[in-house]
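Heads up, the thing below is written out as structure tokens.
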Amino acid sequence: MAQALDALTPPSARYDILIVGGGLAGAHTAATLRKLGYPGTIGVLSNESLAPYERPPLSKAYLCGEIPQQRLLLHPDTFWTGRNIDLLCGSRVISLDAGKREVSCGNGALFSYGTLVWATGGTSRRLTCPGADAVTQHTVRTLADADRLRRAAATAEHVVIVGAGFVGLEVAATLRKSNKHVTVLDTADRVLARVGGETLSNHVADLHRKHGVEIHLSTPVEALYSQAANFAEVLLRDGRRLVTDCLVVGAGMLPETDALTAAGALGRHGVDVDAMCRTSLPHVYAVGDCARQPNVFVEGDSVRLECVSSAIEQAAIAAHNIVGKPAPKPSVPWFWSNQYDLRLQIAGVSAGHDRTEVNGDPSKGSFSIAYFKGDRLIALDALNAPKDFSQARQKIAANIGTVTASGDASLAHVFTHVNC
Ligand SMILES: Cc1cc2nc3c(=O)[nH]c(=O)nc-3n(C[C@H](O)[C@H](O)[C@H](O)COP(=O)(O)OP(=O)(O)OC[C@H]3O[C@@H](n4cnc5c(N)ncnc54)[C@H](O)[C@@H]3O)c2cc1C
């Protein structure tokens, strides 16, 4: 069971393996260590109050109340107690002494470790333009964020969403279900500009427009003004003004690695890890959204992937290396998003492609976009085309000489939640 650190834990304790961050990557590292038979003590420290849970439904089914909080949990309490994994909730690690193998928390607690696994994900970016501090900016990274947004959206009439990435667009689709007036803004000239090509962007933007979302592209926010009764005015660079009673910012996230880099770990905008998920500090691993790792699917470049498949894979790699067992081979990264009746599945990483090919008929809403580099398929966006997605994963894997997915049971658990 998750323990509130202040009440139940001595201010100082030692764990053979201490995991900082009780999200997907941290939880999966702990669970995998036990599955591999690791006998030592394991503590998972988290600044959140809930036991490890899944974030994908926060912008989808949970936001519109289709699933209860209980369904977000990765595992029931008995899973953690039965495996003798201590969940130490409600405390933020603020510093690390890699020489002494100690971390300190904001509430004064001190923990020492044999091996440290840093799995802190990140925090949502916020607008910093003039007036930004005077208005409420909703973000969706944690359960608390989603609860706050749910409450605000319940009475809101006009929602303005800054950022047309996955989180922004999923929130738009979810809030359209309850007929909110929704406007989406982005500085880029197309939606999903960071993750896919123009065909994908145009199709997804059309879908949102058909559902009544107003989209303004190439439109930076110049300033924010607070108005009475929770209303805010959004001044756009082109001079237009929007009035909103619910401002949501979906502008990506900042990896939470300050304490680690202050202790000497290498990395900018994320912490650098090697193929075994080791940081440059002795006895310190890093996994999940905060870790930047060389990736065979982008020709060995170091990248930070923010997706469930990568968090699970890195957790498995770190756990195997900690216990000295051969780690699973890298598998094709993949991602999904649900918006209205669109089920988008992305296999591989399309960055660096030089050609695309469309399979199927976009006007029927079921098709895929294949991304090639030379003759090699490197990625595919499947729009209501699950078969194309599965085949692409096999092909991309075969091109690299690796596997499509780990056969891990907890990955199957994640698959059962993909409709969230
Ligand atoms: C709204 C939303 C929707 C998403 N949808 C999808 C999707 O559809 N498909 C997909 O593949 N991926 C999706 N993702 C991404 C996916 O959820 C992440 O890739 C995954 O959660 C990463 O896991 P993590 O453990 O690295 O980080 P997190 O899940 O963020 O966990 C990190 C944990 O560490 C804690 N922490 C941070 N700093 C400290 C500190 N200093 N001390 C103690 N604790 C700390 C945090 O509070 C958090 O609990 C979505 C993410 C969000 C936010």
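Ligands are counted one by one from 1 in listed order, and the atoms in each one are counted from 1 as well. Computed from a predicted model, the values in this text were never measured in an experiment. We count residues from 1, following the sequence as given.
The CG atom of Leu192 sits 7.5 Å away from atom CD1 of Ile346, with the distance rounded to the nearest 0.5 Å. The distance from atom NE2 of His211 to atom CZ of Arg176, rounded to the nearest 0.5 Å, is 8.5 Å. Here the straight-line distance linking atom CG of Leu175 with atom OG of Ser59 works out to 10.5 Å at 0.5 Å rounding. In this structure, CG in Asn399 is found 10.0 Å from CD1 in Ile378, a value given to the nearest 0.5 Å.
The backbone and the side chain of Trp336 each have at least one atom closer than 4.0 Å to an atom of ligand 1 (non-hydrogen atoms only).
For atom 30 (O) of ligand 1, the candidate residues are His28, Gln314, Glu54, Arg141; the nearest heavy-atom contact is made by Arg141. In the candidate list Leu96, Asn47, Leu50, Asp289, Asn47 is nearest to atom 36 (N) of ligand 1, counting heavy atoms. Taking all heavy atoms of Leu344, Leu58, Val93 into account, the minimum distance to atom 41 (N) of ligand 1 is reached by Val93. Comparing Gly26, Ser59, Cys105, Pro52 by heavy-atom distance to atom 3 (C) of ligand 1, the nearest is Ser59.
Numbered from 1 in the order shown, with element, the atoms of ligand 1 that lie under 4.0 Å from a heavy atom of Glu48 read 46 (C), 47 (O), 48 (C), 49 (O). Near Gly288, the atoms of ligand 1 lying under 4.0 angstrom from a non-hydrogen atom of the residue are 26 (O). Less than 4.0 angstrom separates some heavy atom of Val140 from each of these atoms of ligand 1: 1 (C), 53 (C). Residue Glu256 has at least one heavy-atom neighbour below 4.0 Å for each of these atoms of ligand 1: 37 (C), 38 (N), 41 (N). Listed by atom number, the atoms of ligand 1 under 4.0 Å from Gly23 heavy atoms are 25 (O), 29 (O), 31 (O), 33 (C). For ligand 1, the atoms sitting less than 4.0 Å from at least one non-hydrogen atom of Ala119 are 32 (C), 33 (C), 34 (O), numbered in the order shown with element in parentheses.
The shortest heavy-atom distance from Ser91 to ligand 1 is under 4.0 Å. Residue contact check for ligand 1: Lys60 places a non-hydrogen atom closer than 4.0 Å to it.
Side-chain polar atoms of Ser337 and Gln339 form a donor-acceptor pair below 3.5 angstrom. Checked by atom type, the side-chain pair Asn321/Tyr285 shows no donor-acceptor distance below 3.5 Å.
Every N/O-N/O distance between Ser337 and ligand 1 stays at or above 3.5 Å. Any N or O atom pair closer than 3.5 Å counts here, and Val308 shares at least one such pair with ligand 1. Looking at Val20 next to ligand 1, no N or O pair under 3.5 Å apart turns up. At under 3.5 Å, a nitrogen or oxygen of Cys307, whether backbone or side chain, sits near a nitrogen or oxygen of ligand 1. In terms of polar-atom proximity, Cys290 is not counted as a contact of ligand 1, lacking any N or O under 3.5 Å from an N or O of the ligand. Checking only distances, Trp334 never comes within under 3.5 Å of ligand 1, N or O to N or O.
The neighbour count for Asn295 CG, taken as heavy atoms of other residues, nucleotides or ligands under 6.0 Å away, is above 12.
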- Message: Apply ring-ring contact (aromatic ring centres under 6.0 Å, His included) to residues His158 and Phe231 and explain how you reach the verdict.
- Response: CA-CA 10 Å; His158 187 176; Phe231 278 84; 9.5 Å; no
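Without hydrogens or angle criteria, Ser178 side chain to Lys180 main chain gives no donor-acceptor distance under 3.5 Å. Listed for the Ser309 side chain is a donor-acceptor partner under 3.5 Å among the backbone atoms of Trp334. Checking side-chain atoms of Arg150 against main-chain N and O of Ala146 turns up no donor-acceptor pair under 3.5 Å.
With respect to the salt-bridge test (charged N to carboxylate O, under 4.0 angstrom), the residues Asp341 and Arg343 do not qualify.
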